[in-house]
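Since the structure comes first, as structure tokens, the remarks are kept for the end.
Note that ligands are numbered from 1 as they come in the structure, with each ligand's atoms numbered from 1 the same way. This structure is a prediction, so every number in the text was calculated from the model and none was measured. The figures here come from the full heavy-atom set of this structure, side chains too, leaving out hydrogens, waters and symmetry mates.
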Amino acid sequence: MALPIVAIVGRPNVGKSTLFNRIIGQRLAIVEDQPGATRDRLYSKGEWLNKEFMLIDTGGMTFDERDVLAASVTKQAQLAVDESDVIIFTVDGRTGITTEDMQITEILRKTQKPVIVAVNKIEEFKKQEGDFYEFYSLGFEEMVAISAANGFGIGDLLDKVIENFTEEGEDKEGDALKITFIGRPNVGKSSLVNKLLGSERVIVSDIPGTTRDAIDTKLEVEGETFILVDTAGLRRKSKVEESIEYYSVLRTIKAIERSDVAILVIDATTGVTEQDKRIAGFAHEGGKGVIIMVNKWDLIEKDNYTVKEFTREIRRELSFMDYAPIIFVSALTGQRINKIIPLVKEVAEQNALRIPTSLVNDVIFESIAITPPPTDRGKQLKINYVSQVSTKPPTFVFFVNDKELMHFSYLRFLENQLRNAFGFQGTPIRLIVRNKN
Ligand code: GDP
Ligand code: GDP
């Protein structure tokens, strides 16, 4: 099931990123940051009263500096309207209504989607009541006074947010694996999709009525069904407008969220770019199976070392995804296109892998016996037990005496031990450290 998307919009300086951090703050505290991974923090899972959602700060939505999207607040608001389920329109209670607020309002008024106005920077409601009520003139029904800085009103805001989630129908497609091709423009996503759909073993049909413009495509390969997520634009013969915007961050994130496996397409002729890294970061963060696909392999002059050299470069540039298999393909010649589906199945399986608790603990305790945790100012980390709490991605909770004693390098070591023992090729895994009791 796709998570509902909650977008924070608003002009600069109203406190969007403060609000974003406030809402996800709790979550950040338990999930370890990985150095090297792109952590833009413009989106994250949030949770309120056991309801999960994707929270997005549209203020930071750019692919790179050439991307004009973020330049204008109206574009940003439009993006939120198109791509999200609930919109938090953040305004500044201290400055009152500005022209930019009015511009955003104009766009948000046209949508049927729920808009909640969060009047921020209200630390003393009694004194600032007038400032708050002023915003009713924007014409939105739902309004909350908040202070992103100190937490006032955030619970009320989130209550309203989750009240507006609609129960989406169950996934019609059952357990069909969902695949998405992601990557920057011109790396060959459309060509790959078309090639895959054009190959003779594949039977294709559209799935009507997926979320408005996100058209999914169903394909059958040897009796098995797969879904290509968000193929709108990818299957069109000519792409009228080359669309950085189409493959905007939000769109990519949503496609990843709705998929089981993300195929990150990289152009062999350019190698890994900054933008590629950023998109790779989204896939990693999404917790889904990941395949790195180096396309346009036909254009590369090769000798015995070429694959090795490319592999080394990719591993260096995308070091946070060293678990992802790399495949060298050509949409033009069709080289290795038939390997895609088998690889997708493998990776999806690893992403859904569940290891019995006793086995996990055996592996971890053997590892600890050989390489004990380092001591920190005379105190030693003690791991009491480990348990896999979920799949997709496989997530393990380590119960310890004092989580402050768990260092990133040791956690990395433990992750490697789990990978050595159980595989997990093609999937990120998450390790969470908690104090026992
Ligand atoms: P953004 O540009 O909309 O993402 O805004 P930021 O989150 O970067 O905040 C802009 C400024 O407003 C910063 O100086 C924040 O410290 C400040 N700010 C954010 N939230 C609050 C709040 O609730 N109260 C007050 N007084 N200041 C805030
Ligand atoms: P997208 O923007 O990622 O969907 O990329 P396209 O599929 O539109 O491809 C961009 C350009 O690269 C087009 O001119 C394609 O013909 C070309 N292209 C795509 N895949 C290959 C490939 O494997 N080899 C070669 N030589 N060109 C390719």
Less than 4.0 Å from atom 24 (N) of ligand 1, is there any heavy atom belonging to the protein?
yes
Any nitrogen or oxygen of Ala148 lying under 3.5 Å from a nitrogen or oxygen in ligand 1? Just yes or no.
yes
Would you call Pro12 a ligand 1 contact, heavy-atom distance under 4.0 Å?
yes
So for Val187 against ligand 2, with non-hydrogen atoms under 4.0 Å, the contacting part is both
Does Ile8 reach the side chain of Leu55, with side-chain heavy atoms less than 4.5 Å apart?
yes
What part of Ser17, side chain, backbone, both or neither, has a heavy atom within less than 4.0 angstrom of ligand 1?
both
Show which atoms of ligand 2 fall inside a sub-4.0 Å distance from at least one heavy-atom site of Ser191.
6 (P), 7 (O), 9 (O), 15 (C), 19 (C), 20 (N)
Pairing of Asp101 and Arg11 as salt bridge, 4.0 angstrom limit
yes
Aromatic contact between Trp297 and Phe310, with the criterion being ring centroids under 6.0 Å apart: yes or no?
yes
Can an N or O of Val329 be found at a distance shorter than 3.5 Å from an N or O of ligand 2?
no
Does a side-chain heavy-atom distance below 4.5 Å link Asp298 with Gln335?
no
Nearest heavy-atom approach of Asp267 to Asn186 is OD2-O, 3.9 Å
Flag Gly188 as yes when one of its N or O atoms lies below 3.5 Å from any N or O atom of ligand 2, and as no otherwise.
yes
Do the side chains of Arg412 and Asp322 get close enough for a salt bridge, i.e. N-O under 4.0 angstrom?
yes
Find all atoms of ligand 1 within a distance of less than 4.0 Å from any non-hydrogen atom belonging to Asn120, and give their numbers and elements.
19 (C), 20 (N), 21 (C), 22 (C), 23 (O)
Quick one: nearest non-hydrogen protein atom to atom 18 (N) of ligand 1, plus distance?
Lys121 CE, 3.7 Å
Asp92/Lys121 ion pair, N-O < 4.0 Å:
yes
Are any of the side-chain heavy atoms of Ile116 and Met143 separated by less than 4.5 Å?
no
Are Ile327 and Ile291 side-chain neighbours, meaning at least one heavy-atom pair lies under 4.5 Å?
yes
Which residue supplies the protein heavy atom nearest to atom 5 (O) of ligand 1, what is that atom called, and how far is it?
Gly15 N, 3.0 Å
At under 4.0 Å between heavy atoms, is it the side chain or the backbone of Pro185 that contacts ligand 2, or both, or neither?
backbone
Compute the shortest N/O to N/O distance between Ser147 and ligand 1 and return yes if it is under 3.5 Å, no if not.
yes
In plain terms, say whether Arg94 and Asp131 are close enough for a salt bridge, that is, a side-chain N and a carboxylate O under 4.0 Å apart.
no
Compute the shortest N/O to N/O distance between Lys296 and ligand 2 and return yes if it is under 3.5 Å, no if not.
yes
salt_bridge(Glu257, Lys254) N-O dist < 4.0 Å:
no
For ligand 1, note which part of Asn13 has a heavy atom under 4.0 Å away: side chain, backbone, both or neither.
both
Below the 3.5 angstrom mark, is there an N/O of Leu332, backbone or side chain, next to an N/O of ligand 2?
yes
Note the single closest protein heavy atom to atom 7 (O) of ligand 1, along with its residue, its atom name and the distance in Å.
Thr18 OG1, 2.6 Å
Atoms in ligand 2 with a heavy atom of Lys189 nearer than 4.0 Å:
1 (P), 2 (O), 3 (O), 4 (O), 5 (O), 7 (O)
Considering all protein heavy atoms, does one lie under 4.0 Å from atom 2 (O) of ligand 1?
yes
Checking the N or O distance criterion of under 3.5 Å, is ligand 1 in contact with Asp57?
no
What protein heavy atom sits nearest atom 26 (N) of ligand 1, and how far off is it?
Glu123 OE1, 3.2 Å
Is there a donor-acceptor contact under 3.5 Å linking the side chains of Glu123 and Ser147?
yes
Counting from 1 in the order shown, the ligand 2 atoms closer than 4.0 Å to a non-hydrogen atom of Ala331 are 20 (N), 22 (C), 23 (O)
Short check: is a protein heavy atom less than 4.0 Å from atom 13 (C) of ligand 1?
no
Could you tell me whether Lys51 and Glu47 have a side-chain N and a carboxylate O separated by less than 4.0 Å?
no
What's the verdict on side-chain hydrogen bond (donor to acceptor under 3.5 Å, both in side chains) for Thr252 and Arg278, showing C-alpha distance, side-chain angles and the deciding distance?
CA-CA 11 Å; Thr252 303; Arg278 194 139 181 248; over 6 Å; no
Under 4.0 Å from any heavy atom of Leu299, which atoms of ligand 2 are there?
26 (N)
